[in-house]
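Residue numbering restarts at 1 for every chain, and letters A, B, ... go by the order of the sequence lines.
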Number of protein chains: 2
Amino acid sequence: MLVSAMNTTRSGRPALTRPDGTPVRVLVVDDDPDLAEVLSGALRYEGWEVRTAGDGAAALTGARELRPDAVVLDVMLPDTDGFAVLRSLHEVKPDVCVLFLTARDTVEDRIAGITAGGDDYVTKPFSLEEVVARLRGLLRRAGMARQAEEGPRITVGDLVMDEEAREVSRAGRIVELSPTEFELLRFLMRNPRRVLSKAQILDRVWSYDFGGQAHVVELYISYLRKKVDAGRQPMIHTVRGAGYVLKPVL
Amino acid sequence: MLVSAMNTTRSGRPALTRPDGTPVRVLVVDDDPDLAEVLSGALRYEGWEVRTAGDGAAALTGARELRPDAVVLDVMLPDTDGFAVLRSLHEVKPDVCVLFLTARDTVEDRIAGITAGGDDYVTKPFSLEEVVARLRGLLRRAGMARQAEEGPRITVGDLVMDEEAREVSRAGRIVELSPTEFELLRFLMRNPRRVLSKAQILDRVWSYDFGGQAHVVELYISYLRKKVDAGRQPMIHTVRGAGYVLKPVL
DNA sequence: CCAACCTCTGAGGGATCTCTGAGCCGACGC
DNA sequence: GCGTCGGCTCAGAGATCCCTCAGAGGTTGG
């Protein structure tokens with residue numbers, strides 16, 4: 001019988017692993033150290049091995065040493081631009097996945113070139129849920145998903161989410177959700193039966209530069225309830241003074 | 001009043017240890033020496049090895065020497081801010097868990113991203129039970145729990161508490177509890193068959209700045225009895241002149 | 001340029017929680 | 001027996017937490 005070391009995330013979920021069972025390796029390249037720190041924290045939380053770099057030169061060194069499966073790459077770097085780094089990266093490791101971080105006003109045609117190569121991008125300011133989800137998608141499509149259960153769909157009770165199709169259904173009936181509602185529900189569904197505080201939700205679902213109050217979370221929970229729980233047995237529960245839980249109906 | 005420091009390991013319950021069986025190591029960073037002392041007393045009471053530091057520089061030195069598994073870190077430090085310390089800590093020891101202490105009014109300020117990495121925070125004024133519980137949660141998720149049976153749930157007789165789902169059930173039936181009731185019961189359940197004085201309970205379950213009387217403890221014990229013991233064989237017993245005990249029904 | 005949609009702010013109101021005060025009861029000592 | 005003390009419970013005030021509505025401002029797509 002084949003026994004491999006069980007690789008789990010800090011959250012207790014089974015981690016997405018490389019074909020040989022070792023953790024996925026990701027290189028984070030951003031010149032803002034705070035942002036790099038937050039990103040690498042979120043990725044380590046997924047059970048992945050992370051290394052950071054602050055500029056293009058460091059990125060290449062890091063890539064040679066870590067030999068990452070994926071790279072999170074800021075387009076704006078102090079020494080070079082992201083596309084030059086991309087070319088060098090592909091020389092070092094041709095099959096690496098790249099997730100670009102771009103400013104909102106980055107030129108369109110350059111982005112078109114990215115997605116054509118199978119890579120992906122997110123625009124700043126982004127939410128951590130989105131970055132993690134995109135990375136998971138890239139890795140999965142690159143054949144990195146060793147999990148049978150780690151498909152593109154999440155199921156909690158009779159609630160089903162297809163991440164790729166961005167489609168949610170409860171008891172077979174399609175539920176239409178706005179982008180924020182979708183991300184909030186995804187976060188809840190990836191952490192079922194666990195109480196999530198409003199701060200946790202804010203940190204994870206809202207952009208890192210969101211300055212607003214935790215009140216928005218209440219508001220969006222109320223939207224979700226109207227759409228997901230409407231008339232049915234409620235799955236979204238409030239835990240007063242603590243946060244919210246998503247629980248399948250028993 | 002504040003609980004006095006105790007250096008003994010709590011008897012009757014196996015301490016949470018590192019994978020190699022040595023005690024968990026925690027660094028406490030706060031510029032208020034009284035608070036640091038109270039905290040380290042509570043953590044030593046858990047059987048953990050504790051060291052304190054008063055500012056960011058001392059925190060780094062301490063981290064390098066102690067190589068802690070977790071750090072309790074005040075966001076407001078005389079020399080640096082929490083984010084910078086977090087980054088340095090992760091450089092010293094990438095897998096360290098951090099529990100931030102923040103004032104209530106700075107909550108919205110810059111917590112963003114902190115809980116995203118799997119780290120956590122509590123707002124001042126906090127209760128020691130809460131700090132210890134959060135730390136235990138962090139350590140458990142980081143794979144530090146060499147627990148024999150130290151899972152996310154505590155069991156005493158037919159009474160079961162799931163800390164992550166914040167759910168309590170007696171004989172299979174869900175019991176709804178308010179935040180304070182929950183913390184009080186958690187404290188009782190973590191110390192079964194042991195008489196706990198009202199002063200002990202106050203020091204541990206209520207915030208350190210609570211100025212009220214021990215009468216509240218009686219009141220909350222009475223609430224708990226109504227919900228937990230309701231109609232069943234009582235598990236919560238009064239020891240006149242000494243305190244309360246939680247005992248499984250024989 | 002307009003319409004539809006999305007996101008967020010602010011305010012109101014309702015439900016729940018916490019704690020105080022007071023009365024009651026039983027245990028214990030004299 | 002009787003008073004005292006410790007503990008239990010009820011009732012209610014005040015605070016807090018949470019939900020919802022209404023609408024402003026921004027974005028998107030036609």
> Do A:R190 and A:E46 pass the salt bridge (charged side-chain N to carboxylate O under 4.0 Å, His left out) test, and can you show the C-alpha distance, the side-chain angles, and the key distance before you say yes or no?
Replying inline: CA-CA 11 Å; A:R190 300 225 306 133; A:E46 292 294 316; 3.1 Å; yes
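For the pair B:P192 and B:M189, the tightest heavy-atom approach, listed with the atom from each and the gap, is CD-O, 3.2 Å. Pairing each heavy atom of A:V216 with each of A:W206, the nearest pair is CB-CZ2, 4.2 Å.
Note that the first and last nucleotides of DNA chain C, 5' to 3', having any atom under 4.0 angstrom from a heavy atom of chain A are C:dC6 to C:dC17.
Checked by atom type and distance alone, the side chain of A:D229 pairs as donor or acceptor with a backbone atom of A:I236 at under 3.5 Å. Proximity of a side-chain donor or acceptor of B:D74 to a complementary backbone N or O of B:D31 within less than 3.5 Å is not detected. Remark: side-chain polar atoms of B:R134 are paired, donor with acceptor, to backbone N or O of B:Y121 under 3.5 angstrom. Side-chain atoms of B:N191 never come within 3.5 Å of backbone atoms of B:R194 as a donor-acceptor pair (strictly under, hydrogens ignored).
Per the geometry, CG belonging to B:L224 stands 12 Å off P belonging to D:dT9, to the nearest Å.
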Please produce a list of atom pairs where a protein N or O lies less than 3.5 Å from an N or O of nucleotides 14-20 of chain D.
residue : atom : partner : partner atom : Å
D:dC17  : O2   : A:R240  : NH2          : 2.6
D:dC18  : OP1  : A:G241  : N            : 2.8
D:dC18  : OP2  : A:K198  : NZ           : 2.5
D:dC19  : OP1  : A:R225  : NH2          : 2.3
D:dC19  : OP1  : A:T238  : OG1          : 2.4
D:dC19  : OP2  : A:Y244  : OH           : 2.6
D:dT20  : O4   : A:H215  : NE2          : 3.3

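Across the helix from C:dC1-D:dG30 to C:dC30-D:dG1, the helix axis at one end is tilted relative to the axis at the other end by 20° (nearest 10 degrees, each axis from five pairs).
Between B:D30 and B:K124 a salt bridge is recorded (basic side-chain N to carboxylate O distance below 4.0 Å).
Using a 30° and 60° split on the angle between ring planes, B:F126 and B:Y208 fall in the perpendicular class, above 60°. B:Y220 and B:Y223 have perpendicular rings, their planes meeting at more than 60° on a 0 to 90° scale where under 30° would count as parallel.
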